[in-house]
Number of protein chains: 2
Amino acid sequence: MSQSPLSIPLDRSSPVPLYFQCAQEMERRILSGELPVGTRLENEVVLAGRLGLSRPTLRRAIEYLVDRGLLVRKRGVGTQVVQPRVRRPLELSSLYDDLCQAGQQPRTEVRKLAVEPAPDPISVALELAPATEIYVLHRLRFAGGEPLALLHNYLPTHIVELTETMLMDRGLYEILRSAGVTMKIANQTIGARTAGQAEAEELWEEAGAPLLTMQRTSYNDVGRPVEIGSHTYRASRYTFELTLTG
Amino acid sequence: MSQSPLSIPLDRSSPVPLYFQCAQEMERRILSGELPVGTRLENEVVLAGRLGLSRPTLRRAIEYLVDRGLLVRKRGVGTQVVQPRVRRPLELSSLYDDLCQAGQQPRTEVRKLAVEPAPDPISVALELAPATEIYVLHRLRFAGGEPLALLHNYLPTHIVELTETMLMDRGLYEILRSAGVTMKIANQTIGARTAGQAEAEELWEEAGAPLLTMQRTSYNDVGRPVEIGSHTYRASRYTFELTLTG
DNA sequence: GAGTGGTCTAGACCACTCA
DNA sequence: GAGTGGTCTAGACCACTCA
């Protein structure tokens with residue numbers, strides 16, 4: 001449990017906040033091993049003085065790293081580097097982006113893109129008047145040349161204009177984001193069932209094969225629903241990974 | 001979008017921090033509807049003055065509610081009440097506690113409780129020397145009189161002493177917590193498969209029935225692994241619900 | 001240009017931990 | 001009792017939003 005007199009270069013002319021510059025540099029040193037697991041930081045008052053920051057600003061940097069699971073603080077004891085365990089702090093992410101990042105070369109077939117009156121459960125969940133016209137979207141997502149998932153989505157028409165071309169090149173979340181729609185929160189339900197004949201054929205599986213299912217409703221920054229997804233994944237090729245904190 | 005001159009009673013002699021008293025009272029008013037969705041708070045300087053708090057303290061209260069998805073802040077614009085959408089901010093929770101809360105009367109059958117040398121993948125994941133002795137625990141969890149899940153767990157022996165009796169009455173997480181073990185973070189992988197003959201019988205399903213699977217490694221506050229779980233749920237009776245934020 | 005939240009300072013007092 | 005993080009204050013200047 002070594003101590004470490006930390007020195008961090010800060011650029012006060014940068015638009016990047018000082019607490020964030022500080023946090024990022026500390027994160028880099030922890031992940032690179034320069035600050036090994038078990039290292040104890042100097043106390044906040046001394047460290048703030050050394051870095052030329054006020055204590056609240058330093059505390060904000062430390063808080064950021066505590067939230068991300070890289071440091072632990074104990075009152076009366078001190079602040080210590082811990083083994084980072086977070087895969088990712090469970091962000092609102094899109095399958096398309098995840099596959100891109102994993103180098104899986106996603107491809108999308110648009111099976112249906114229509115504007116139709118919303119069925120009752122959908123209009124209720126989207127908080128629209130009954131039978132309001134909405135986008136109904138069916139896609140088949142491929143990765144590495146094989147089908148991975150059937151994606152069904154329902155969206156109000158007023159938030160974005162969708163075309164088949166843009167849906168082939170990009171994930172739905174990215175399209176929404178670039179249209180200025182902010183997705184802030186989503187409720188998901190993950191379950192499993194076995195494949196029927198039709199979807200088995202679409203997904204190159206046998207009837208009775210295990211499938212992962214995910215229903216999701218996404219909400220924007222003021223809590224209005226912006227999208228419903230009802231997706232089906234081949235269990236043989238897909239799992240959900242998540243990190244919980246408590 | 002009404003404005004609201006907020007007045008909150010604060011007890012400065014209480015050990016509960018002022019920012020938290022403030023946040024909890026605001027949360028109560030939002031959830032009770034006294035502060036309806038869309039309400040705009042006064043600006044931070046004025047509100048801090050009205051409440052008799054410094055602005056940083058008020059900001060800390062607001063931050064807490066922003067994190068929980070009850071308020072949104074926009075620079076240059078203001079702070080506004082939003083529709084709460086969080087089922088729960090995805091905590092590290094135990095199946096046993098969840099079932100209790102849902103009034104499902106969980107029951108546990110302990111199928112195996114043994115101390116055995118750890119197989120290689122387990123000792124690696126628990127960061128123990130090869131073949132270190134560990135607890136191997138198999139349980140069958142019932143809810144509402146029917147089997148719900150097969151629970152397999154692996155734990156180092158030095159962190160807690162387990163007996164069959166205590167495992168029948170309580171969830172594993174509660175036992176660990178009351179033994180002073182803090183679970184801080186967990187990585188989970190959720191997947192699906194179909195049931196084999198043996199587990200189908202244990203779970204009162206047919207062979208080939210869909211099952212949800214969850215592998216989990218839990219870590220304590222300094223990032224040491226404390227438990228591995230490998231669980232199998234009846235897809236007909238169980239789903240994972242979670243709330244994502246971004 | 002008026003109003004908003006975002007960042008930052010330089011202190012203060014306190015509760016907790018541990019030898 | 002020495003050392004630590006937790007809370008709180010009363011300011012300051014700034015970037016952003018919107019009419």
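To find a chain, count down the sequence lines: A is the first, B the second, and so on, and within it residues start at 1.
What separates CG of B/N43 from C1' of C/dG6 is a distance of 14 Å, to the nearest Å. Per the geometry, CD belonging to B/Q21 stands 13 Å off C1' belonging to D/dC8, to the nearest Å. A straight line from CG of B/L58 to P of D/dT7 spans 16 Å, rounded to a whole angstrom. Computed from coordinates, the B/R73 CZ to C/dG6 C1' distance equals 8 Å when rounded to whole Å. Remark: P of C/dT4 and CD of B/Q80 are 14 Å apart, rounded to the nearest angstrom. Rounded to an integer number of Å, the gap from B/Y64 OH to D/dT7 C1' is 16 Å. We find that CG of B/L10 is positioned 14 Å from C1' of D/dT7, with the value rounded to whole Å. If you measure from atom CG of A/L51 to atom P of C/dT9, you get 11 Å, rounded to the nearest angstrom.
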Legend entry - Residues A/M183, A/N220; criterion side chain to side chain contact (heavy atoms under 4.5 Å, CB included); working and verdict: CA-CA 4 Å; A/M183 259 92 50; A/N220 69 10; over 6 Å; no
Inset, instruction - Go through the steps to decide whether A/Y64 and A/F20 satisfy the test ring pair (Phe, Tyr, Trp, His ring centres under 6.0 Å), and finish with yes or no. - result: CA-CA 8 Å; A/Y64 176 85; A/F20 196 69; 5.5 Å; yes
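Between A/R60 and C/dT7 there is a side-chain N or O to OP1 or OP2 distance below 4.0 Å. Contact check, A/T57 against C/dT9: a side-chain N or O comes under 4.0 Å of OP1 or OP2. The side chain of A/R59 places no N or O atom within less than 4.0 Å of a non-bridging phosphate oxygen (OP1 or OP2) of D/dG5.
If one axis is set at each end of the helix from C/dG1-D/dC18 to C/dC18-D/dG1 from five pairs, those axes are 20° apart, to 10°.
No side-chain donor-acceptor contact under 3.5 Å links B/N187 and A/E241. When only modelled atom types and interatomic distance are considered, A/R59 and A/S54 share no side-chain donor-acceptor pair under 3.5 Å. In this model, no donor atom of one side chain and acceptor atom of the other lie less than 3.5 Å apart for B/Y154 and B/S230. When only modelled atom types and interatomic distance are considered, A/T79 and A/R73 share no side-chain donor-acceptor pair under 3.5 Å.
Scanning residues 12-20 of chain B for heavy-atom distances under 4.0 Å to DNA chain D yields B/R12, B/P17, B/L18, B/Y19.
A ring pair (Phe, Tyr, Trp, His ring centres under 6.0 Å) check over residues 23-44 of chain A, counting only residues at least two apart or in different chains, returns nothing. Note on residues 27-51 of chain B: no pairs pass ring pair (Phe, Tyr, Trp, His ring centres under 6.0 Å), not counting sequence neighbours.
A salt bridge is absent between B/E63 and B/R68; no separation between the charged side-chain nitrogens and carboxylate oxygens falls under 4.0 Å.
In terms of the salt bridge (charged side-chain N to carboxylate O under 4.0 Å, His left out) criterion, residue partners of B/E34 (sequence neighbours excluded) are, by chain and number, B/R28.
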Inset, instruction - Could you encode protein contacts along nucleotides 10-19 of chain C as a string, one character per nucleotide from 5' to 3', using B for base contact, S for sugar-phosphate-only contact and - for no contact, with a heavy-atom cut-off of under 4.0 Å? - result: B-B--BBBS-
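Under the side chain to side chain contact (heavy atoms under 4.5 Å, CB included) test applied with A/L162, the options A/V110, A/T157, A/V115, A/L113 reduce to a single match, A/L113.
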